[in-house]
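See below for the structure under consideration.
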Amino acid sequence: MHRFANPSRFLRIAKPLTPALFWPGLLLVLGACFWGLTQAPPERLQGDTVKIIFVHVPAAWLGMAGWTGIAIASIVQLVWRHPLAGISARAIAVPGALFAAICLITGSIWGKPAWGTWWVWDGRLTSMLVLFFLYLGYIALANASSEKGNVSRVAAVFGIIGAVNIPIINRSVVWWESQHQKASITLGGSAISDAYLWPLFAAAIGFSLLFGAIVLMRMRAALAEIRIEARMRRIAEN
Amino acid sequence: MKQKHQRLILVMVALVALIGAALLAASALREEASYFYTPATLAKAKVEPGKAIRLGGMVQNGSIKRAADGVTVSFIVQDRDAVQTVSYTGITPDLFVEGSGVVADGKLDKGGVFVAESLLAKHDENYVPRELKDIDMSAAEHTKDTLAK
């Protein structure tokens, strides 16, 4: 893993990888959403409202995957002092927060016609809102306490503590069975008809690729900033 | 022992302790979170008319009746042991159908009818196109605890 500790070696790989993730990701997302909107049949009870699923569910998955990534990167930062770990955690935070927000907004839009309410303080909805606030807290903390592109240890500790919320979100529909339905897709199989399942998977893969591309872009920007700062300092010293 | 390993063990212990604490708190909350009355608990609780309460249960098959004004609907909510008549005036959610789960905010009137001010419908985890709705979903593992009797 420390092979990539050298930023220029990382950049050599990250630079061509960014468009290789971004363009197929964008294509998959647009294709899946277009197919889902025009070709997927209306659902037996909800009609066309069901099509929000193609954005809502991938956004929820990525919001949770993002914090899992932050937690792993934080552990790597604290234990192995890997120089890129903090930078990658910080790069994940903004798209993670964005996808959590998309999940909450699309969920609310879906909830009004389907459930009859924009919002309820249900276990799943509340824990997802907490995740969004955790992201905002992490971003603020990392910005306030870090310098030279490196993330402070306080932010890393916060990233690990916040991970407690991830299994809570996952289990919330089982523990507090109130408004949100239980998981449709589990290790045992899926309760979603194939007509929705395939565009959903395509959209999920597409959004994941986009997420990866955004993280790489932000990491490259952070590394570039560090370089600029170092160069400026050298110029100032001469 | 290398310092790196010490740090790894420290982080792991902290993580396990945190998750354990959160799980304990969650399971304690679970006992407390009484979200609504079911018809059976409502019958036992002797709630006085006019007191704001929340009722949850399944919409009984064949019980939905729409009034002539087009916006008032009356139906029966049931659980395993009891039934409760509910009336509601307003737009019903898409997922409000016979056999589906429903949560209503409102109060009992003097005649024992639950007058709902808001109506929330619950979705189960199945997503099925309209053309396929007649196939038997009850065989699916997922549906077994959410399908109405």
Side-chain angles (χ1 to χ4, degrees), chain A residues 40-47 49-50 53 71 74-76 78-81 110-117 120-123 127 156-157 160-168 171-186 188-197 200, chain B residues 3-12 14-15 17-23 25-27 29-30 32-33 35-36 54 56 88 90-97 100-105 118-135 137 140-143 145-146:
Chain A
E43 209 261 345
R44 96 200 119 117
L45 300 176
Q46 307 179 46
T49 323
V50 73
I53 200 173
S74 299
I75 291 173
V76 172
L78 288 183
V79 176
W80 288 280
R81 306 266 198 263
W110 197 353
K112 185 61 186 167
W115 293 343
T117 180
V120 279
W121 293 102
D122 151 280
S127 54
V157 169
I160 295 171
I161 294 173
V164 167
N165 192 35
I166 297 298
I168 294 179
R171 295 283 87 199
S172 57
V173 286
V174 182
W175 290 343
W176 310 288
E177 204 194 332
S178 60
Q179 184 63 54
H180 197 287
Q181 72 279 2
K182 290 202 185 122
S184 294
I185 299 171
T186 60
S190 156
I192 300 180
S193 177
D194 285 351
Y196 311 116
L197 196 60
L200 174 60
Chain B
Q3 241 192 327
K4 186 165 69 178
H5 295 140
Q6 259 175 1
R7 293 199 295 262
L8 179 63
I9 290 166
L10 200 68
V11 167
M12 286 304 161
L15 203 61
L18 263 169
I19 290 176
L23 291 185
S27 76
L29 261 175
R30 197 176 153 197
E32 295 298 314
Y35 187 63
F36 45 63
R54 178 173 278 174
Y88 172 72
I91 299 165
T92 56
D94 286 353
L95 296 167
F96 175 77
V97 288
S100 71
V102 71
V103 176
D105 278 317
S118 80
L119 204 59
L120 297 186
K122 239 191 98 135
H123 185 34
D124 64 17
E125 54 272 44
N126 297 300
Y127 295 84
V128 186
R130 262 179 201 149
E131 306 88 88
L132 299 179
K133 68 177 176 190
D134 295 328
I135 62 168
M137 293 296 292
E141 167 76 10
H142 273 93
T143 56
D145 51 16
T146 39

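All values below come from the heavy atoms of this structure, side chains included, with hydrogens, waters and symmetry mates left out. Within every chain, numbering begins at 1; the chains are lettered A, B, ... in the order of the sequence lines, protein sequences first and strands thereafter.
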Fill in: side-chain hydrogen bond (donor to acceptor under 3.5 Å, both in side chains) against Gln46(A), all qualifying residues, sequence neighbours excluded
Trp110(A), His123(B)

Fill in: Test item: Asp122(A) side-chain N/O and His180(A) main-chain N/O as donor-acceptor pair under 3.5 Å
yes

Worksheet item: Heavy-atom distance under 4.5 Å to chain B: side chain of Thr49(A), backbone, both or neither?
Response: side chain

Worksheet item: Where on Leu119(B) is there a heavy atom nearer than 4.5 Å to chain A: the side chain, the backbone, both, or neither?
Response: backbone

Discussion item. Restricting to side chain to side chain contact (heavy atoms under 4.5 Å, CB included), what partner residues turn up for Ile192(A), sequence neighbours left out?
Written reply: Ile53(A), Ser184(A), Ile185(A), Ser190(A), Tyr196(A), Leu197(A), Leu200(A), Tyr127(B)

Worksheet entry | Residue part contacting chain B, namely of Ala114(A), when any heavy atom lies under 4.5 Å | both

Fill in: Segment of Ile168(A) engaging chain B (4.5 angstrom heavy-atom cut-off)
side chain

Fill in: Heavy-atom closest contact (Val164(A) atom, Ala22(B) atom, distance)
CG1-CB, 3.1 Å

